Amino acid sequence: MTQLKELSLTALQFYATAPYACSYLPNKTARSQVATPSHLIHADVYNDLLNAGFRRSGLYTYRPYCYECRACIATRILVNQFTPTRSQRRAQKKHAGLEASMLHLGYQEEHYQLYQRYQTERHAGGDMDSDDQDQYMQFLLQSRVNSRIVEFRDGPHDPHPGRLRMVSMIDILEQGISSVYTFYDTSNPSAGFGNYSILWQIEQARVLGLPYLYLGYYIKESEKMSYKVKYQPMEGLIDDHWQTLSEP
């Protein structure tokens, strides 16, 4: 286990789950290491856990713990050094008219309906394509850290002013923003909403004077997870050390 000597984690316990089917690599099994009890994982502790490669899903804090596989690499973008690529600049320009609002965590039916449509389109047949309202709330609306909902709506000059296009869940922590989950309108496959969300979060971290955007796990062999390395410069947690992670 990563050395946690600098963390205030003396009251936490860590256990390994039983093996389960990997969500990202076919014919692979996975295990997770889970930090408990959840009520002790407040913002300061979670910030340290994040830097040790953990992530959260609702109140569940975990990291990959697979014996024979090291495909999952925790990532963070160095926001003050980030320069968008040409395609990323196109996404910025294309969606510059979106209006972003930052909200406290809370259930909104409009958000849930967009989430359901996104899951049906993007994850049909997967683990999350049939989330009911309770599962949605446990996954995205439970938190013991400084979490926010960011909703993106069409601006006044768009054909459908006020139309909800995208929702991002983020944690705002001492060393950066952690991107928890984003879902969006999939009716236009070429829209680039996901790219725009990451670019917005990078800029928001800059505005708040935070050095990093934590982007979750990069998996080179997974189409769903390999895109993250396109946001450079990026660091990956490899052999318990944050080091440069370049695009292949």
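Sequence positions, counted from 1, serve as the residue numbers for this chain. Everything numeric here is computed off the predicted structure, so don't read it as measured data.
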Tell me whether Lys220 contacts the main-chain N or O of Ser226 through its side chain, where contact means a donor paired with an acceptor under 3.5 Å.
no
Mind running side chain to side chain contact (heavy atoms under 4.5 Å, CB included) on Val79 and Ile177 for me, showing each step along the way?
CA-CA 10 Å; Val79 300; Ile177 289 176; over 6 Å; no
Distance col, row Gln92:CD vs Ser87:OG, nearest 0.5 angstrom, shows 10.5 Å
Before accepting this row, confirm whether a basic side-chain N of the pair Arg163/Asp158 lies closer than 4.0 Å to the acidic partner's carboxylate O.
no
Let me check something: do Ile41 and Tyr60 share a hydrophobic cluster, defined by ILVMFWY side-chain heavy atoms less than 4.5 Å apart, either directly or through other members?
no
Residues Leu40 and Ala11: closest non-hydrogen pair is CD1-CB, 3.6 Å
Side-chain donor-acceptor pair under 3.5 Å between Gln88 and Asn195, yes or no?
no
Which distance, rounded to the nearest 0.5 Å, do you find between the CG of Asn146 and the NE2 of His104?
8.5 Å
Given the rule that I, L, V, M, F, W and Y join up when any side-chain heavy atoms are under 4.5 Å apart, are Met225 and Tyr20 in one cluster?
no
Quick one: do Met166 and Thr182 satisfy side chain to side chain contact (heavy atoms under 4.5 Å, CB included)? Show the steps, please.
CA-CA 7 Å; Met166 177 166 58; Thr182 293; 3.7 Å; yes
Are Ile172 and Leu59 connected in a single hydrophobic cluster, I mean Ile/Leu/Val/Met/Phe/Trp/Tyr linked by side-chain heavy atoms less than 4.5 Å apart?
no
May I ask you to test the Leu199-Phe82 pair for a side-chain heavy-atom distance under 4.5 Å?
yes
Can Thr36 and Gln13 be counted as having a side-chain donor-acceptor contact under 3.5 angstrom?
no
Tell me if a side-chain donor or acceptor on Arg31 pairs with a main-chain N or O of Thr17 at a distance below 3.5 Å.
yes
Contact check, side chains of Leu98 and Arg165, non-hydrogen atoms, under 4.5 Å
yes
Please find out if less than 6.0 Å separates the ring center of Tyr115 from that of Tyr136.
yes
Report the C-alpha distance between Ser190 and Lys94 in whole Å, list the side-chain angles of each, state the deciding distance to 0.1 Å, and finish with yes or no for side chain to side chain contact (heavy atoms under 4.5 Å, CB included).
CA-CA 11 Å; Ser190 64; Lys94 186 172 186 177; 3.9 Å; yes
With a 4.5 Å limit on heavy-atom distance, are the side chains of Leu245 and Ile238 in contact?
yes
May I have the step-by-step check of side chain to side chain contact (heavy atoms under 4.5 Å, CB included) for Ile73 and Val229, ending in yes or no?
CA-CA 10 Å; Ile73 300 175; Val229 79; over 6 Å; no
Mind checking whether Tyr184 and Phe152 have ring centres under 6.0 Å apart?
no
Would you give the length of the straight line joining atom CG of Asp134 to atom CG of Leu141, rounded to the nearest 0.5 angstrom?
11.0 Å
When you group the ILVMFWY residues by side-chain heavy-atom contacts below 4.5 Å and let the links chain together, are Ile219 and Tyr231 in the same group?
no
Closest approach of Pro156 and Pro161, non-hydrogen atoms and distance?
O-CG, 3.8 Å
Consider only side-chain N and O atoms of Ser168 and Ser197, and report whether a donor and an acceptor are under 3.5 Å apart.
yes
Please check if atom CG in Asp239 has more than 12 non-hydrogen atoms from other residues, nucleotides or ligands closer than 6.0 Å.
no
Under a plain distance cut-off of 3.5 Å, with no hydrogens placed, do Tyr112 and Gln108 share a side-chain donor-acceptor pair?
no
Check whether any side-chain heavy atom of Arg144 lies under 4.5 Å from a side-chain heavy atom of His39, and answer yes or no.
yes
Tell me if a side-chain donor or acceptor on Glu203 pairs with a main-chain N or O of Trp200 at a distance below 3.5 Å.
no
Spacing of CG belonging to Leu49 relative to CG belonging to Leu12, to within rounding of 0.5 Å
6.5 Å
Got more than 12 heavy atoms from elsewhere within 6.0 Å of CD, Glu109?
yes
Indicate yes or no: does Arg56 engage Asp171 in a salt bridge with an N to O separation below 4.0 Å.
yes
How many angstroms lie between OH in Tyr65 and OG in Ser32, if you round to the nearest 0.5 Å?
11.5 Å
Can you check whether Leu78 reaches Glu235 side chain to side chain, under 4.5 Å on heavy atoms?
yes
Specify the closest pair of heavy atoms between Ala52 and Arg63, including all atoms of both residues, with the distance to one decimal.
O-NH1, 2.7 Å
Hydrophobic clusters here meaning ILVMFWY residues chained together by side-chain heavy-atom distances under 4.5 Å, can you tell me if Tyr62 and Leu237 are in one?
no
Return the minimal non-hydrogen interatomic distance between His111 and Val167, and the atom names on each side.
CD2-CG2, 3.8 Å
All heavy atoms of Thr75 vs all of Gly216, minimum pair found to be OG1-O, 2.7 Å
Which atom of Leu213 lies closest to which atom of Ile198, heavy atoms considered:
CD2-O, 3.9 Å
Charged N-O contact under 4.0 Å between Glu110 and Arg153:
yes
I want to check something: taking the side chain as every heavy atom from C-beta on, are Leu50 and Arg55 in contact at a cut-off of under 4.5 Å?
yes
pair Leu210-Gln175: side-chain heavy atoms closer than 4.5 Å:
no
Working to the nearest 0.5 angstrom, can you tell me the gap between Phe183 CZ and Gln116 CD?
10.0 Å
Are any non-hydrogen side-chain atoms of Ile77 and Tyr212 less than 4.5 angstrom apart?
no
Given ring-ring contact (aromatic ring centres under 6.0 Å, His included), test Tyr24 with Tyr217 step by step and report yes or no.
CA-CA 11 Å; Tyr24 301 106; Tyr217 299 114; 8.7 Å; no
Under a 3.5 Å distance rule, please check whether Arg89 uses its side chain to pair with a backbone N or O of Pro84 as donor and acceptor.
yes
